[in-house]
Amino acid sequence: MRIAEIFHSIQGEGSLVGVPSVFVRTSGCNLRCAWCDTPYTSWHPEGDDWPLERIYAAVEAYPARHVVVTGGEPMIAREIVKFTLGLRARDLHITIETAGTVFAPVACDLMSISPKLANSTPEGDWRDGHERLRVQPDVIQRLTADYPYQLKFVISRPEDLAEVHALIRTLRADTGHVILMPEGIEAGVLRERGVWLAEICKREGFRFSPRLHVELWGNRRGT
Ligand code: SF4
């Protein structure tokens, strides 16, 4: 699998926020979000092909029992199914962070699905391809049927909520699984957006997620 980085940190987002975890970040993505915070896995993918045994050894070098497989888009990584089965065999808790555009029969304990809203669509050559692909309701429904899941939305502006509601209706998703997170890669921006987003969460009953790793360390690789 093409690997951008493997590191030990705490989960900064979603329902497992704060849990010490090893992050396996695959390189390569089928989307091109305008605000992508890991452009070295999408717009300008970096990294080498690692044999699975080397990845397992890197994961097991840390004491964490939780592994977060992220990207890029890990569901398009070659050998992703075999890789996750190997993690399962090692008795590790597996979270997969995906945009939910591709299905693969992976082993997974928490499918963390982050469908990309219209605020993600870039200008330029990638606009039409990104817009066509960014929401795949059939894929999301299969993922939510087959795995424990969370639906995590990145919110840039209050108007994004209309799209969240429409998608939840289409998916017939349980709102108890919905998590809203402010978009931003600077602590000040996250705080400013977090204030109004928290009010929306209070009003609508959605769960709020911080981006704790950005608040603690800034938008740095390896965190
Ligand atoms: S899906 Fe994730 S990795 Fe891919 S472009 Fe969007 S934010 Fe970046």
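No experiment lies behind these values; they were computed from the predicted model shown. First listed ligand is number 1; within each ligand, the first listed atom is number 1.
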With Tyr147, the side-chain contact (heavy atoms from CB on, under 4.5 Å) member among Ile113, Val106, Ile96, Asp109: Val106
Residue that, paired with Ser156, satisfies side-chain contact (heavy atoms from CB on, under 4.5 Å) out of Leu117, Leu197, Asn119: Asn119
Derivation and outcome, side-chain hydrogen bond (donor to acceptor under 3.5 Å, both in side chains), residues Ser209 and Glu13: CA-CA 6 Å; Ser209 172; Glu13 305 174 352; over 6 Å; no
Side chain, backbone, both or neither: Asn30 near ligand 1, heavy atoms under 4.0 Å: neither
Any donor-acceptor pair under 3.5 Å from Arg90 side chain to Gly86 backbone: yes
Step-by-step ring pair (Phe, Tyr, Trp, His ring centres under 6.0 Å) determination, Phe153 to Phe206: CA-CA 11 Å; Phe153 293 98; Phe206 296 135; 8.1 Å; no
Connected-component partners of Phe23 among ILVMFWY, side-chain separation under 4.5 Å: Phe7, Val68
Numbering as shown, the atoms of ligand 1 that approach Thr38 to under 4.0 Å (heavy-atom distance): 3 (S)
Taking atom 3 (S) of ligand 1 as the reference point, the nearest protein heavy atom with its distance: Gly72 N, 3.4 Å
No-hydrogen, no-angle side-chain donor-acceptor test under 3.5 Å, Ser21 and Gln11: no
Closer than 2.8 Å to atom 6 (Fe) of ligand 1 - protein N, O or S atoms, ordered by chain and residue number: Cys33 SG
